[in-house]
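Encoded as structure tokens, the structure appears first; notes follow it.
Count residues from 1 along the sequence.
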Amino acid sequence: MSEASAEPAVVDRTLSEAAFRALAGRLAGVEFVKFVVERRSARVHFIDEHRYVFHSDYIGEQILGVPGAEIDREIDRFNQSIYRDPERAFLVGSVSLHAGDPAPYFTIETVEIDTMDEAMILEMVAAVRRWVDPRFPLLFKPSSHEQERIVARIPLAKLPRILSHEIFSGATYLPLHAGQATGRLRVFESEAAYRGAKASLAWFDVLVMPRIPDDVPRLSGMIHAERTTPLSHTNVLAHGWGIPNAVEVGILERARAEALDGAWVRYVVDPDAASIALERIEAPQLPARAPWAEHAVTLEPPRLLEQAILPLDQLRATDRDRFGTKAANLGELAWLLAHGSARLTGFYAIPRPPRPHLRAKLAERLGVSTEAELETEALAFLRRELATARGVALPFALARRFLESSPAIQQHVGRLKMAVELRAPGLDAVALELGRAIRGTRLPDDLRDLIDAAVATHLGGVRSFVVRSSSNAEDLEGFSAAGVYESVTHVSDAERLFDGVRRVWASLYSPRSVRLRADAQIAIDDAWMGVIVQEEVPAEGGLGGVLVTAHPASPGDFRSAFVNVSRGTVEGVVAGQVEAVQVYCNTVDGGSRAVAHDERGGGLSDDEHAAIERLALAGRLLQAHYASDYTFAAPLDIEWIRHAGATYVLQVRPYGS
């Protein structure tokens with residue numbers, strides 16, 4: 001038994017490597033030990049994580065002689081005393097052990113909400129440094145952007161430090177979606193090799209390649225050999241499909257050395273592990289079809305008779321059965337900003353033991369003195385922070401009218417239905433023929449006039465449009481279609497607009513989308529495509545990206561929202577083509593930290609961090625409004641762009657769909 005296992009803490013004794021490991025917990029693959037510094041006596045307590053999960057419990061029971069339940073009843077007041085009081089009696093934080101290259105090292109950090117100043121930081125580091133194993137360097141790691149600003153004023157020789165993004169840049173393992181799968185490992189050294197063998201991929205395969213592209217078929221697992229944008233369409237699909245997904249730098253070399261290509265393996269992604277787990281196994285007995293193909297995805301019956309083109313701000317979420325979910329969700333946002341919602345503060349009203357709710361936290365974030373003002377100020381906050389671009393929505397009925405206007409297209413549709421029913425080997429070719437027919441057939445004059453009149457009436461004066469897909473066969477429970485359907489940008493005149501509409505309609509019948517829906521038992525006749533014609537928000541010089549109101553690798557973390565940010569391109573983020581700035585935001589207490597910089601090594605300015613924090617809080621309020629139940633727990637996936645001081649929401653959907 002280790003030297004620290006029988007004690008609640010190691011107090012004023014050297015934290016040897018053995019003692020550290022006996023006390024340590026593990027988070028995101030990194031071992032850590034919590035500590036408390038008593039400022040008056042300078043005593044340092046290294047706490048057994050297995051006995052005390054929270055600093056407050058240890059301080060109460062072991063130092064103050066107060067039961068944990070009593071501390072919990074006044075937890076916010078207690079936290080104020082240890083994290084924000086300038087005359088605080090304790091300095092608290094954690095020490096983590098990192099593998100390092102070439103040698104291991106310790107980091108010491110507090111939490112995002114800690115307001116300690118330069119003097120306190122130096123005092124804390126000095127106190128802890130006296131007792132940690134001297135073989136390992138000790139570096140201060142700021143836990144928030146504000147702490148980074150503070151320590152930037154301290155000479156490096158006085159405070160050796162490392163920033164979150166510097167640790168991330170050396171990490172070899174990044175869990176993107178936890179889980180496990182049994183499958184056949186398929187290893188490709190390049191995208192060209194993958195393209196050449198893509199037709200041979202099966203549902204039970206676990207795909208390994210440098211960066212998995214966003215046209216990947218549905219598989220049993222994914223492993224990226226290079227760092228990728230965590231919120232790209234590929235990775236959002238993996239989350240929606242519920243399959244294990246991770247970055248593991250060096251996996252290609254391991255696969256070569258162990259001859260794993262084609263081997264059957266058990267693949268595990270554990271957020272608290274140091275790497276993925278791959279165990280070679282005997283080939284199992286498998287069903288003929290994927291397990292998910294045995295359960296049909298249910299679609300609402302589409303409304304195909306109503307042909308009116310409507311402005312987006314006249315739609316509600318319930319209009320998804322005639323305009324598609326993307327258009328309906330944008331319409332719902334416009335309605336919310338205009339009219340408000342009784343649900344906005346719902347997430348903060350849920351009990352979070354030991355707190356009965358988080359309404360006081362929200363009041364602090366919104367700057368109001370009483371909880372009675374919350375609903376009014378929450379709506380005012382959203383109106384200040386969010387905007388939607390003008391647009392119109394084309395209903396499913398217009399796509400039906402167009403398809404039925406061409407006998408040739410109808411013949412192609414019939415052949416595709418037959419190919420899907422028979423699971424014909426030529427299905428992809430049939431789908432491609434139908435897509436070409438749709439793109440190449442001129443819109444009938446009456447449809448051209450209808451679309452032209454709606455755009456002229458509601459979007460007159462717009463120089464550049466984006467034509468977006470909006471299907472009823474996306475954002476569904478059990479069926480994710482992130483990045484599957486097409487949208488067309490930089491549309492400037494009527495002919496390009498009509499061409500864009502046809503391209504969006506045709507994307508409903510791409511080989512990939514047809515196969516994905518067939519696996520989910522969604523019939524050709526049940527899937528329809530609406531179209532959004534929207535003013536294009538300029539991206540040049542601005543920020544854009546994706547926000548999810550969740551911690552992708554830690555679903556139980558209700559505080560965090562995760563944002564991937566790029567300059568001037570949302571498309572680069574969702575396509576996984578750029579290294580995004582990655583930011584975690586605390587939507588309860590406030591604060592943010594960049595855990596990765598972009599491909600140029602750049603981060604965000606103070607003002608940009610503040611805007612991202614406000615966006616994360618806005619996303620949490622929207623999460624409550626869009627929730628289908630009254631736990632308000634289902635996270636959202638929001639695409640956005642900053643322009644002229646406002647954050648424009650481009651898409652809202654459930655995260656994981």
Side-chain angles (χ1 to χ4, degrees), residues 195 198-199 214-215 217-218 293 296-297 299 301-307 309 321-324 326-327 394-451 467-474 476 479 481 483-488 491 495-533:
R195 297 284 171 205
K198 183 181 175 184
D214 64 4
D215 66 349
R218 188 162 182 174
V297 172
L299 274 66
R303 285 191 280 169
L304 300 171
L305 298 178
E306 300 173 49
Q307 303 194 18
I309 298 174
D321 58 356
R322 57 179 173 144
F323 291 99
K326 197 177 298 179
L394 281 58
F396 302 153
L398 297 192
R400 179 186 186 184
R401 192 163 144 188
F402 170 71
L403 295 175
E404 291 179 351
S405 72
S406 168
I409 289 177
Q410 286 298 293
Q411 289 177 358
H412 286 298
V413 170
R415 284 197 288 270
L416 182 60
K417 290 179 185 177
M418 184 65 70
V420 170
E421 184 177 344
L422 298 176
R423 300 188 173 273
L427 185 151
D428 287 5
V430 176
L432 288 170
E433 288 175 3
L434 174 55
R436 282 193 292 267
I438 292 172
R439 291 190 299 272
T441 299
R442 187 179 187 276
L443 281 177
D445 288 342
D446 58 343
L447 277 181
R448 292 167 65 96
D449 291 344
L450 190 63
I451 296 170
V467 183
R468 302 186 188 278
S469 58
S470 181
S471 175
N472 65 335
E474 60 182 333
L476 302 170
F479 184 74
V484 171
Y485 304 124
E486 188 167 0
S487 291
V488 183
V491 174
E495 287 304 322
R496 290 184 177 88
L497 173 62
F498 301 144
D499 178 64
V501 169
R502 289 193 301 266
R503 285 176 59 184
V504 168
W505 283 338
S507 70
L508 186 67
Y509 304 105
S510 71
R512 182 181 184 222
S513 69
V514 169
R515 286 188 177 278
L516 287 174
R517 291 196 305 273
D519 282 345
Q521 299 185 44
I522 298 174
I524 295 291
D525 286 338
D526 292 337
W528 290 91
M529 181 64 74
V531 179
I532 302 167
V533 180

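- For L422, the CG atom sits in a packed shell: over 12 heavy atoms of surrounding residues, nucleotides or ligands are nearer than 6.0 Å.
- With salt bridges taken as basic N to acidic carboxylate O contacts below 4.0 Å, none links D526 and R517.
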Stepwise, does the side-chain contact (heavy atoms from CB on, under 4.5 Å) test hold for F479 with L299?
-> CA-CA 10 Å; F479 184 74; L299 274 66; over 6 Å; no
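- Distance alone, capped at 3.5 Å, places no donor-acceptor pair between the S470 side chain and the G530 backbone.
- Atom CD of E421 sits in a sparse spot, with 12 or fewer heavy atoms from other residues, nucleotides or ligands closer than 6.0 Å.
- Salt-bridge check for R502 with D499: passed, with a basic side-chain N closer than 4.0 Å to an acidic carboxylate O.
- How far OH of Y509 is from NE2 of H412: 13.0 Å, rounded to the nearest 0.5 Å.
- One finds a salt bridge joining D215 and R195 here, because a Lys/Arg side-chain nitrogen approaches an Asp/Glu carboxylate oxygen to under 4.0 Å.
- The two residues Q410 and L403 have their closest heavy-atom pair at NE2-O, 3.0 Å.
- The two residues A506 and G435 have their closest heavy-atom pair at CB-O, 3.8 Å.
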Run the side-chain contact (heavy atoms from CB on, under 4.5 Å) check on R218 and R512 step by step: do they pass?
-> CA-CA 10 Å; R218 188 162 182 174; R512 182 181 184 222; over 6 Å; no
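- A distance of 6.0 Å separates CH2 of W528 from CZ of R400, quoted to the nearest 0.5 Å.
- Counting heavy atoms from C-beta outward, V531 and L398 have side chains that stay 4.5 Å or more apart.
- The side-chain heavy atoms of N472 and D321, taken from C-beta on, include no pair separated by under 4.5 Å.
- Contact of the V467 side chain with the R503 side chain is not registered, since no non-hydrogen atoms from C-beta on lie closer than 4.5 Å.
- Across every non-hydrogen atom of A419 and L427, the tightest pair is O-CD1, 3.9 Å.
- Within the 4.5 Å cutoff, side-chain heavy atoms of P395 are placed close to those of I309.
- In terms of heavy-atom proximity, S487 sits nearest to S469 at OG-N, 3.3 Å.
- When side chains are defined from C-beta on, V504 does not count as touching R468, because their heavy atoms never get closer than 4.5 Å.
- A donor-acceptor contact shorter than 3.5 Å is absent between the side chain of S513 and the backbone of Y485.
- Closest non-hydrogen pair, A518 versus V420, comes out as CB-CG1, 4.1 Å.
- Looking at I532 and F323, their side chains never come closer than 4.5 Å, going by heavy atoms from C-beta outward.
- Side-chain atoms of R322 and Q307, non-hydrogen and from C-beta on, never get closer than 4.5 Å to each other.
- Within the structure, side chain to side chain donor-acceptor pair (under 3.5 Å) contacts touching residues 429-439 (residues at least two apart or in different chains) do not occur.
- Side-chain atoms of F402 and T441, non-hydrogen and from C-beta on, do get closer than 4.5 Å to each other.
- When all heavy atoms of A473 and A481 are compared, the pair lying nearest together is O-CB, 3.9 Å.
- Annotation: the span from L443 atom CG to I438 atom CD1 amounts to 11.0 Å, rounded to 0.5 Å.
- Without hydrogens or angle criteria, S471 side chain to E474 main chain gives no donor-acceptor distance under 3.5 Å.
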